[in-house]
Amino acid sequence: MEEFPEIMTREKKEEKHELPELENVEGKVVMRMAPSPSGPLHIGHSRMAILNDEYVKRYGGELILRIEDTNPNNIDPDAYDMIPQDLNWLGVNVTKKVIQSSRMDIYYNIARDMIRKGILYILEKDQAIFHDLKLKSIPAEERSYTPETNEEKFDKLLSGYYSEGEAAVVMKTDLAHPNPSVRDWIAFRINTAPHPLTGNKYILYPTMNFSVSADDHLLGLTHIIRGIDHLVNTEKQKYMFRANNWKIPEYYHYGFISIPDTILKTTVIKQGIKSGKYSGWDDIRLGTIMALKKRGYRPETFRKYWINSGMRESNATFSWEIFNSMNRELIDYDAKRFFFVKDPREVKLNNTNKLKSHAAIHPGRPELGYREYEINPKSSIYFPSGEFEKLKENDRIRLKDLCIVLKNEKEFKYMPEDNDKKLKIIQWVPLNSNDIKIYKPDGTVDDGKIEPLASGKKGVVQLERYGYVNLSEHMGFYLHR
RNA sequence: GCUCCGAUGGUGUAGCACGGCCAAGCAUUCCGGCCUUUCGAGCCGAUGACUCGGGUUCAAAUCCCGGUCGGAGCACCA
């Protein structure tokens, strides 16, 4: 190779995006996804699901789906089913499912043990007062009570002696910690709202920081990937690991991603469904996994996109452009081509001979054959009215795969074939085409006609010069250009 | 305000732990051209970035200090 150095410099390095290796992997990994069951998953959630899934697939091990339902006020019972369905569609391989509300006794036992060790204490103070003490780094008097006293009060807590807000279980951390919220955080609180799964059986619920730490340890998590919104929680949870002498997992936090022009907020969606604004969780105006699936996105696109995004801690903007491009690459091979005419206008053609159209079903795959229609002499076609209005008198255009025409007042004049390469090419459909409505993610609907050969077709097709559309019955859902 | 985190072209990322092979790679978009009877696919070309200021060093995107900007947290939510 010394003789041909210039050849070497031309070599292109093919770069594929891969996730970085995890630290301290000893054999297999145990990872988890921990959504709260407030609704189905949306595109933002798919990141944590896929990142975790990718690593478990790489190293082998377990991927736990842990549903965090320790706050009865924020639960949609349907989510218990919708979340696993969304994950399944995304190709995420959950090996174990855990529901926190069914583990209450486990949390109580750990709490009792920690009370005996003097790590937890029972607070009988108002939230505001406690908050104020923490701000000033002043210990509450209960902090120094004996384990016996605390255990007694813990039993009272369980038995319903206290009502909401009167008492709570507190985790001792470090009152000198620079971040007040890390100082002595609340581990259990009373909530008397009925739980969708357990009803009124429990009134003392662990807070997320307690149940998460307990479960991450008990389930043997080795590596945890989650958003930077949990950075402070990680710090809080490490106190619990250290206090119990548990092995601390490796933590990774990825940055926030803002997803433009997309409706994701569960509360907003729920309200919209209730008021009739949205047809359901899969309304294509939404950013839920269900809606994206309905539009025709492929699960592999999500995977590719999130692998490409990596795990940086810096915030970023989601790029529909790149996402769509990745999806296009996946669907194009199987997307048959058809003509769609939006806002059709019947335009007369003054041809004297019968015309035959000849359009490829897929220009890259001639073996699939052609779409052919016959246009009788002095007949008409449907043409997009928007395009028609843009034409000037005597403009020549090509009706795609049919013939050249010239605009003459309200009609098209048939023109003989020539080799003019610069002609504008516009699609059309024959008169026996079917009506179709195409729903778009921005909430608008395009009414039009789709060529006869597309009738009954389902799945993603490409409507030439219009975009990719997921067809179903007499409607279509717009995917992307 | 306090605590913590981050900053590479329009967008997304690679590189940064071990400074030199980075006058910065890849993808996407935009712009030009070729091909094509799609605004799809393919091909070619072009534009475009290390937040700023200091310091260390023969050498800094990479290390140190400071500023600016952005974000998160500051709940008996998750």
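Only this structure's heavy atoms are used, side chains among them; waters, hydrogens and symmetry mates stay out.
Scored by the side chain to side chain donor-acceptor pair (under 3.5 Å) test, Glu374(A) finds Lys354(A) as partners (sequence neighbours excluded).
Rounding to the nearest 0.5 Å gives a distance of 12.0 Å between CG of Asn52(A) and OH of Tyr252(A).
Across every strand in view, C26(B) sits in a pair with G12(B) that passes the Watson-Crick or G-U test at under 3.5 angstrom. Nucleotide C2(B): paired with G73(B) (Watson-Crick or G-U wobble, both distances less than 3.5 Å). In this structure, U36(B) forms no base pair with any nucleotide, since neither Watson-Crick nor G-U wobble geometry is met with both distances under 3.5 Å.
Here Asp420(A) lies out of heavy-atom contact (under 4.0 Å) with every strand. If you check every strand for non-hydrogen atoms under 4.0 Å, Ser38(A) touches nothing. Residue contacts shown for Arg337(A) include a base, since a base heavy atom lies under 4.0 Å away. Using a 4.0 Å heavy-atom criterion, one finds that Gly310(A) contacts no nucleic acid atom at all. Within the nucleic acid shown, Ile228(A) comes within 4.0 Å of sugar-phosphate atoms alone, with no base atom in reach, counting heavy atoms only. Note on Lys134(A): nothing from the nucleic acid sits closer than 4.0 angstrom, heavy atoms only. Nucleic acid contact class of Gln127(A) (heavy atoms, under 4.0 Å, all strands): base. Residue Asn191(A) is out of contact with every strand shown, counting any heavy-atom pair closer than 4.0 Å.
U28(B) and A49(B) are spaced 15 Å apart, taking the C1' atom of each and rounding to whole Å.
Of the candidates A78(B), U37(B), U28(B), the closest approach to any side-chain atom of Glu68(A) belongs to A78(B). Of the candidate nucleotides U38(B), G12(B), A41(B), G12(B) has the atom lying nearest to any side-chain atom of Tyr305(A). Considering only the side chain of Pro178(A), U3(B) comes nearest among G40(B), U3(B), A78(B).
Residue pairs that meet the salt bridge (Lys or Arg N to Asp or Glu O under 4.0 Å) test with at least one member in residues 64-73 of chain A, sequence neighbours left out, are Arg66(A)-Glu68(A), Arg66(A)-Asp216(A).
A syn orientation is assigned to A17(B), its glycosidic angle lying within 90° of 0.
Annotation: proximity of residues 149-156 of chain A to RNA chain B (heavy atom, distance under 4.0 Å) is found for no residue.
A salt bridge links Asp418(A) with Arg396(A); the closest basic N to acidic carboxylate O contact falls under 4.0 Å.
One donor-acceptor pair, N or O on each side, does fall under 3.5 Å between the base of G10(B) and the side chain of Glu321(A). Between the side chain of Arg312(A) and the base of U13(B), no donor-acceptor pair under 3.5 Å is found.
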